[in-house]
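What follows is a set of notes on a single structure, which appears directly below.
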Amino acid sequence: MYNHKEIESKWQKFWADNKLYQAKDDSKKPKFYQLETFPYPSAAGLHVGHPKGYIAEDIHARFTRANGKEVLYTMGWDAFGLPTENYAIKVGKNPKEVAAENIANFKRQVQMFGLSYDWDREINTSSPDYYKWTQWLFIQLYKKGLAYRAKAKINWCPNDQTVLANEQVIDGKCDRCGTVVIQKEMEQWFLKITDYADRLLADLDGLDWPEATKQMQKNWIGRSEGADIDFKVDFESEPNFLILHGYTGLPGKNFIPWLKQEIESKGYKVQAPEMPNSNDPKEEEQVNFVLQNCKIDKNTIIVGHSLGCVVAQKVLMRHNSRIMGLILIASATDKTFPGSIERPFWKNFSWDIDYEKVKELTKFRTVVSDLLEDKKRGEYLKFLKEKLGSGFFETTASKQHFTDLQEPELLKVVLPKIKVFTTRPDTIFGATYMVLAPEHPLVSQITTKEQKNYVVNYVESAAKKTELERTALEKDKTGVFTGAFAINPATKDKIQIWVADYVLSTYGSGAIMAVPAHDERDFEFAKKFELPIVRVVNDEGDRRLPYTREGRIMNSGKYNDVSSSTIRSQMAKDFGTPKVQYRLRDWSISRQRYWGVPIPMINCEKCGIHPVPEKDLPVVLPDDVDFRPKGMPPLASSEQFLNVSCPNCGGPAKREPETLDTFFDSSWYYLRYTDPHNDQEIFEQSKVDHWMPVDLYVIGPEHATLHLLYSRFLTKFLFDAGFVKVAEPFNKLRHLGLIQGADGQKMSKSRGNVVNPDEVVESVGADSMRIYEMFMGPFEDGQPWNTKGLIGARRFLDKVFRTISNEVRNPSQERSLPSVEMGLHKLIKKITSDIPNFKFNTSIAAFMEFLNENKQMSKANWETFLILLAPFAPHITEELWSQLGQTDSIHTQPWPKFDEKMTEDKNVKIVVQVLGRVRATLDFPVGTSQDEVRLKVIVDPNVKRHLEGKQIVKEIFVQDKLINFVVK
RNA sequence: GCCGGUGUGGCGGAAUGGCAGACGCACACGACUCAAAAUCGUGCGAGGUUUCCUCAUGUGGGUUCGACUCCCUCCACCGGCACCA
């Protein structure tokens, strides 16, 4: 029995005092960068499963150093995030305090295992010296247009009054309190990871990653090849258009001539009058002018822009008879509306609009809003939408307030087309109806009066559904007919347009052409609602529908009788535009929580959103804030934090009160390790270029689509921006299997099966724990913890200690036997190939076998044995190394070389088979010929017995391995 | 449903076309001991007519002189995605 406590603490201190594991930036040796997931320091501390990956990497790092590389291997803390914040709320402390305690505990635990980190490079994401650069990175993304604000549905827990990350929603419920999570629409910051979808997919091919992980990323990115195809909405009768320009506008200005021409080119009549006194407009004068000079009938669609919207409604009230529709583009705002900016025409206009009457006189109404404009107009337009019960089309103008010469978005509203994405353009002749997602902007515009109630009810109830309800298994298809029709561009048939929630607003264009004969979902829907089904792909052997595979085209005019796969791309071009669609969505990074990196943006009332100037970074997270969840970002309640002067105009402005998703903090930490204390820049270019890319990353498979995808995205961004020279951060990746509790279940406090490493190290020592965890089984598999097995590992180390201590006391031999020498060379060979392949379990088996067979050998050979074992059990080997009289550290010794000749046996056992069954094994010198082997072997009594009375028809001979007689 | 992975003694596992079960745990017996622990040694898939033979790597089939290993079918479990057009 050796005293592990004494030995382990003695050598840990020695290594730290001598800075044995410092990674030198200017080393002449080739570099090797090893990374491991920096931990989230939770209040619970580590369990024995956590260090498994660290131990494996430490073995690899020690091995790699011994093989002459300069190894960068270090540790840090992913310290921001919700668990710490929640725990702080529970115990009534500040998260900062809690995080510091947790880090101290984690560091103590991690240091017990004898890991060869360069502690001088330790980082902490919640420290201002780190998050200053997190903020800087966000600003660089913003400057390149890759960070943007948009409205999105987020997960909201009504009980905790807080936003939840996707990872915190388990089966549609809040993982803290079990409340069903609802979807809430909110303005959020996003990162445009979708811009990189194609490269994130393509570059996977060159990486040494587990295939399963690459596959998971591929599925997550979800590339589909197909086509965008436009379907025209069919007007019930031929419409004509009347376009009314706004204040200071002219029919020859802005988009109006272009729009007029576009509509006329489709064969419709357009009136675009110049209104009197455009620079000083008066209501009476303009309305009278339109009524006297323009032709308005039941098929007229009035399109108003800005002040023209007010004129349009007044004209309609006076006209007092039904028209087809009203399209209000960026309407001028009512002066009574809060926050409206005073306009000179107010004195000559009134907003006493009878919205009920306007509704009555129009078949449809649509309000168009430009996202570039200030919030006040947006709010007014929403108010207008409510009053008119209209469709709402929110979009981005080419120029603010739709003032560019061409505004293509408007064409989509005025002459509505439904764009669909399909992967099967070859089946377009079978598109017998269309479906819009309930959130599709055209829904209310195209819905007919008769269907209005059904559609409104359906859309409302769809909006109210929780994610859980919408994704429930084997859900029945639901939907309603809008009353409107579209034209199938292939068949020219009028087809029904439906609204159904089986079409997702977030994928493609939120609309589909339904081909029930060749799509299971469309088929199910068509059956239920008795919609037509037309087969357009034939298969001789299979008459069943839906038929979703390839076949011969039928019922498709000139395309008939060719194979669907051949004609697909041609039909994509003939009816639409070929397109690649990705499943990947942009990365939502706003969090309405306290314990995170403040988003470094400032919102000025006058001049909009600006990044915090780089010289003012970091935006420090204030300590004196009430951080309990109240349904709004906690930082918004701190006036002191919030109020700031605008970096552009100097006027009063407000800081962004939200914080960043902690995945953002951890998506670039590996770059910071290369230059962790730089306060001038995120990292020195020469240092990051020297160390990157990461040569080995050990990480749990659960990070496949989150951290690993985000990190690849940010690296690609920094590559494009010229900050790093690598486009991929992690060359080689290995996963670790989780250690389970003794009951075979995942270790967790609630199951009561957690094993604390403090107790393990206390009782048997870190070296035994290291040996045991590596011996449990294949590194990438998970195995249950078995304390008896741990004791087996300790027994092995005791035996090593006993055997070598004995050697120290009574040196047995000057020289080892040749068979012992050969065994040692085989061992060197085995360990040397096992470590880079992560086959630690078989390495340890080989050490055990060697020790079982060889109790006596020379001191030099024991030293070699110890060097081989040192990466696995660094403390005990260092101790024995010193007991053998060495004065320098074993961990600075070069890795032993083996002689290939010494690993080759002189004699081999040859297996003798008769009809493939083993009948004998006999020793032969290496290289014995087939004839010699046969002669010796057939006289073996057992072999002879099996050959007796049989005729040898064939003889298989594998040199030095096997001879097999095939008999009859 | 789709994608990926796994399946070998009582247990963790080894063997990637050539002696299935290395190594360890558990168990049994023996040595040492007054005794226990520790240590050392022996045995340890199932069955049989036991120097040997048969069966056996989730199931059923195939390829091969020979299959845990390669191919096909099905089953079970694990992980991921899930109305993605």
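In what follows, chains are A, B, ... by sequence order, proteins preceding strands, each numbered from 1.
With hydrogens and angles ignored, the 3.5 Å screen pairs no side-chain donor or acceptor of A:Q930 with any backbone N or O of A:F957. Proximity of a side-chain donor or acceptor of A:N753 to a complementary backbone N or O of A:S748 within less than 3.5 Å is detected.
Separation of the C1' atoms belonging to B:A14 and B:G9 is 13 Å when rounded to the nearest angstrom. Comparing the same atom, C1', in B:G10 and in B:C3 gives a spacing of 36 Å after rounding to whole Å. B:U63 and B:G45 have their P atoms separated by 33 Å, given to the nearest Å. Nucleotides B:C72 and B:U39 are separated by 49 Å at their P atoms, to the nearest Å. Comparing the C1' positions of B:U69 and B:C19 gives an interatomic distance of 15 Å, to the nearest angstrom. The P atoms of B:A67 and B:A20 are separated by 11 Å, rounded to the nearest whole Å. Distance noted for atom C1' between B:G43 and B:G21: 15 Å (whole Å). B:G80 and B:A28 have their P atoms separated by 41 Å, with the value rounded to a whole Å.
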Restricting to nitrogen or oxygen on both sides, can you table the protein-nucleotides 8-12 of chain B pairs closer than 3.5 Å?
residue : atom : partner : partner atom : Å
B:G12   : O2'  : A:M776  : O            : 2.4

Filtered N/O pairs between nucleotides 60-70 of chain B and protein, under 3.5 Å:
residue : atom : partner : partner atom : Å
B:C65   : OP1  : A:K954  : NZ           : 3.3
B:C65   : O2   : A:N964  : ND2          : 2.3

Considering only nitrogen or oxygen atoms on both sides, find all protein atoms under 3.5 Å from nucleotides 26-30 of chain B and state each distance.
residue : atom : partner : partner atom : Å
B:A26   : OP2  : A:R795  : NH2          : 3.2

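What separates CG of A:N806 from P of B:U39 is a distance of 16 Å, to the nearest Å. The NZ-P distance, from A:K909 to B:A22, rounds to 16 Å in whole Å. Atom pair A:R945:CZ and B:U50:P shows a separation of 12 Å (rounding to whole Å applied). As rounded to whole Å, 13 Å separates atom P of B:A38 from atom CZ of A:R794. Atom pair A:K944:NZ and B:C52:P shows a separation of 15 Å (rounding to whole Å applied). When rounded to the nearest whole Å, the span between CG of A:D522 and P of B:A85 equals 12 Å. Taking atom NZ of A:K419 as the reference point, atom C1' of B:A85 lies 15 Å away to the nearest angstrom. As rounded to whole Å, 4 Å separates atom P of B:A85 from atom OH of A:Y507.
Remark: A:K477 fails to qualify as a cation-pi partner of A:F525 under the 6.0 Å distance and 45° angle criteria applied to the six-membered ring. A:F779 does not carry A:R734 over the face of its six-membered ring by the limits of under 6.0 Å from the centre and within 45° of the normal.
Contact record, A:L504 with A:A437: C-CB, 3.9 Å, taken as the closest heavy-atom pair. The shortest non-hydrogen separation linking A:P784 to A:G741 is CB-O, 3.5 Å. Across all their heavy atoms, A:R585 and A:I193 have their closest contact at O-CG2, 3.4 Å.
Base contact: A:V911 has a heavy atom under 4.0 Å from a base atom. Across all strands shown, A:R919 has heavy atoms under 4.0 Å from sugar-phosphate atoms exclusively, and none from any base. The residue A:G792 sits close only to the backbone: its heavy atoms come under 4.0 Å of sugar-phosphate atoms, none of a base. A:P941 comes within 4.0 angstrom of no nucleic acid atom, judged by non-hydrogen atoms across all strands. Residue contacts shown for A:K839 are limited to sugar-phosphate atoms, with no base heavy atom under 4.0 Å away.
Inspection of the A:Y458 and A:T478 side chains reveals an N or O donor paired with an N or O acceptor under 3.5 Å. If you check the side chains of A:S564 and A:E550, you find a donor sitting under 3.5 Å from an acceptor.
Not a single side chain to side chain donor-acceptor pair (under 3.5 Å) links A:T928 to another residue, sequence neighbours left out. A:H440 is linked by a side chain to side chain donor-acceptor pair (under 3.5 Å) to nothing, counting only residues two or more places apart in sequence or in another chain. The salt bridge (Lys or Arg N to Asp or Glu O under 4.0 Å) test applied to A:K528 returns A:D476, not counting sequence neighbours. Taking A:D586 as the reference, nothing meets the salt bridge (Lys or Arg N to Asp or Glu O under 4.0 Å) condition, with sequence neighbours excluded. Applying the ring pair (Phe, Tyr, Trp, His ring centres under 6.0 Å) criterion to A:F523, with sequence neighbours excluded, gives no partner residue.
A salt bridge (charged side-chain N to carboxylate O under 4.0 Å, His left out) check over residues 835-850 of chain A, counting only residues at least two apart or in different chains, returns nothing. Listed by first then second residue, pairs satisfying ring pair (Phe, Tyr, Trp, His ring centres under 6.0 Å) with a partner in residues 782-806 of chain A read A:Y2-A:F801, A:Y772-A:W785, not counting sequence neighbours.
Between A:Y433 and A:F529, the distance separating the two ring centers is not shorter than 6.0 angstrom. The aromatic ring centres of A:F840 and A:F775 sit 6.0 Å or more apart. Between A:F190 and A:W587, the distance from one ring center to the other does not fall under 6.0 angstrom.
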Across nucleotides 41-46 of chain B, 5' to 3', mark each nucleotide with B, S or - according to how protein heavy atoms within less than 4.0 Å reach it.
------
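Within the 4.0 Å cut-off from OP1 or OP2 of B:A22, not a single side-chain nitrogen or oxygen of A:N841 is found. Close to B:C53, at under 4.0 Å from its OP1 or OP2, lies a side-chain N or O of A:H946. Taking 4.0 angstrom as the limit, A:S224 places a side-chain polar atom (N or O) nearer than this to OP1 or OP2 of B:A85. Between A:R917 and B:C19, a side-chain N or O to OP1/OP2 separation shorter than 4.0 Å is absent. Between A:R802 and B:C40, a side-chain N or O to OP1/OP2 separation shorter than 4.0 Å is present.
Taking a pair as Watson-Crick or G-U with both hydrogen-bonding distances under 3.5 Å, the stems of three or more pairs touching RNA chain B are B:1-7 with B:75-81, B:10-12 with B:23-25, B:27-31 with B:39-43, B:45-48 with B:52-55, B:60-62 with B:70-72.
Nucleotide B:G45 is shown with an anti base, its glycosidic torsion being more than 90° from 0.
Side chain of A:V958, nearest nucleotide from B:G80, B:G18, B:G24: B:G18. Comparing B:G4, B:A85, B:C23 by their closest approach to the side chain of A:Q215 singles out B:G4. Nearest nucleotide to the side chain of A:N942, out of B:C81, B:C52, B:A22: B:C52.
The residue among A:A845 and A:G222 whose nearest nucleotide of RNA chain B lies closer to the 5′ end is A:A845.
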